[in-house]
Amino acid sequence: MKLATFNVNGINGRLPVLLRWLAEASPDVVCLQELKAPQEKFPQAALREAGYGAIWHGQKSWNGVAILARGQVPLETRRGLPGDPDDSHSRYIEAVIDGVLIGCLYLPNGNPAPGPKFDHKLRWFARLAAYAAELLALEVPVALVGDYNVMPTELDVYKPERWRDDALFRPEVREAFRALVAQGWTDALRALHPEERIYTFWDYFRNAFGRNAGLRIDHLLLSPALAERLAAADVDRAVRGWEKASDHAPTWIDLADVAPRRRPRARSAARAATR
DNA sequence: ATGCCTATTATTAATAGA
């Protein structure tokens with residue numbers, strides 16, 4: 001299973017980019033963030049024509065998340081993160097696809113910090129951590145993927161000193177991310193590329209992409225059962241250079257298929273047959 | 001400390017992003 005996350009920064013303005021990338025990369029599952037479109041303006045027909053079923057949670061102007069699956073409609077298991085009934089932002093949607101529980105998230109940006117927006121970010125992070133612990137306890141294959149708005153370490157920022165007081169890099173959010181991963185999750189890109197400078201976002205300002213002034217803020221966290229299957233991970237950074245590009249690039253992993261498991265009876269019968 | 005760019009919404013400017 002090729003599983004990707006892509007903050008599209010406006011799904012309608014970005015539709016040609018999204019469709020071109022889907023055709024070229026052919027991912028099996030895609031988590032999208034920042035739809036910036038109300039529920040009824042999601043381009044379901046165009047995506048269906050491209051071969052993808054979808055579930056989505058839109059919102060006027062901002063936020064918005066979706067999950068696409070090639071050749072099937074994702075089986076939705078949740079929309080909205082538990083823990084705050086007053087949370088009106090569309091920032092979490094979840095589905096089961098081919099035996100994998102996939103949570104698609106868009107963590108609040110949190111700037112300016114300190115301030116109410118930063119407090120909101122930390123509260124949202126705490127709710128995510130509480131829910132993530134519940135998912136881990138299920139001991140099933142789970143992927144929590146999306147735009148976390150956090151650079152986990154100095155290796156994930158082109159110029160750490162410039163970002164030290166920013167809501168994406170302050171010690172509180174780095175610690176929140178570290179503690180989340182320490183529950184038992186695997187940061188897929190970092191696991192396969194421990195030393196490499198990898199970015200998933202480049203600002204529109206100051207020719208950031210041309211200078212490779214990037215940030216790694218889009219992450220795929222895998223439960224232990226899924227981490228065993230991790231075979232490849234990368235960023236389709238060329239997409240950031242396309243006409244009318246999002247400021248994020250698609251970030252993806254490849255998960256090996258599960259070996260077909262025989263029933264115990266069948267296995268002992270097979271063993272007896274080879275004796 | 002702020003603009004630089006880009007998108008959406010609503011009326012030519014404000015807000016948010018990161």
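Every chain is numbered from 1, with letters handed out A, B, ... down the list of sequences.
- When heavy atoms are screened at a 4.0 angstrom cut-off, Asn149(A) is found touching the sugar-phosphate backbone but no base atom.
- When only modelled atom types and interatomic distance are considered, Asp84(A) and Trp124(A) share no side-chain donor-acceptor pair under 3.5 Å.
- As judged by a 4.0 angstrom heavy-atom cut-off over every strand, Lys117(A) is placed among residues touching the sugar-phosphate backbone only.
- Side-chain contact of Arg78(A) with Tyr131(A): a donor-acceptor pair under 3.5 Å is present, judged by distance alone.
- Of all the residues in residues 207-221 of chain A, Leu215(A), Ile217(A) reach under 4.0 Å from DNA chain B with at least one non-hydrogen atom.
- A distance of about 22 Å separates the P atoms of dT2(B) and dT6(B), rounded to the whole Å.
- Atom CG of residue Asp247(A) and atom CG of residue Leu215(A) lie 10.0 Å apart, to the nearest 0.5 angstrom.
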> Step by step, would you call Asp254(A) with Leu230(A) a side-chain contact (heavy atoms from CB on, under 4.5 Å)?
Replying inline: CA-CA 6 Å; Asp254(A) 196 31; Leu230(A) 180 60; over 6 Å; no
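- Judged by distance alone, the side chain of Thr186(A) and the main-chain N or O of Gly184(A) form no donor-acceptor pair under 3.5 Å.
- Taking each heavy atom of Gly214(A) and Trp202(A) in turn, the nearest pair found is CA-CD1, 3.5 Å.
- The P atoms of dC4(B) and dA13(B) are separated by 15 Å, rounded to the nearest whole Å.
- Nucleotides of DNA chain B lying under 4.0 Å from heavy atoms of chain A occupy a range whose first and last members, 5' to 3', are dG3(B) to dA18(B).
- Backbone-only engagement by Asn7(A) is indicated by non-hydrogen atom pairs under 4.0 Å involving sugar-phosphate atoms exclusively.
- If you check the side chains of Asn9(A) and His248(A), you find no donor sitting under 3.5 Å from an acceptor.
- Projected onto DNA chain B by closest heavy-atom contact, Arg14(A) and Leu168(A) fall at different nucleotides, the more 5' of which corresponds to Arg14(A).
- Among the atoms of the strands shown, none is found under 4.0 Å from any heavy atom of Asp165(A).
- Cation-pi check for Arg170(A) over Phe118(A) is met; the charged atom lies under 6.0 angstrom from the ring centroid and within 45 degrees of its normal.
- dA10(B) and dA16(B): their P atoms are spaced 14 Å apart (whole Å).
- For Asn149(A) (side chain) and Leu168(A) (main-chain N/O), no donor-acceptor pair under 3.5 Å exists by modelled atom type.
- A distance of about 27 Å separates the C1' atoms of dT12(B) and dA1(B), rounded to the whole Å.
- Base pairing in DNA chain B yields stems of at least 3 consecutive Watson-Crick or G-U pairs, both distances under 3.5 Å, namely B:5-9 with B:13-17.
- Comparing Asn12(A) and Trp62(A) by the nucleotide of DNA chain B whose heavy atom lies nearest to each, the residue mapping closer to the 5' end is Asn12(A).
- Side-chain contact of Asp98(A) with Gln72(A): a donor-acceptor pair under 3.5 Å is present, judged by distance alone.
- Using a 3.5 Å distance cut-off with no hydrogens or angles, the side chains of Asn111(A) and Asp166(A) do pair a donor with an acceptor.
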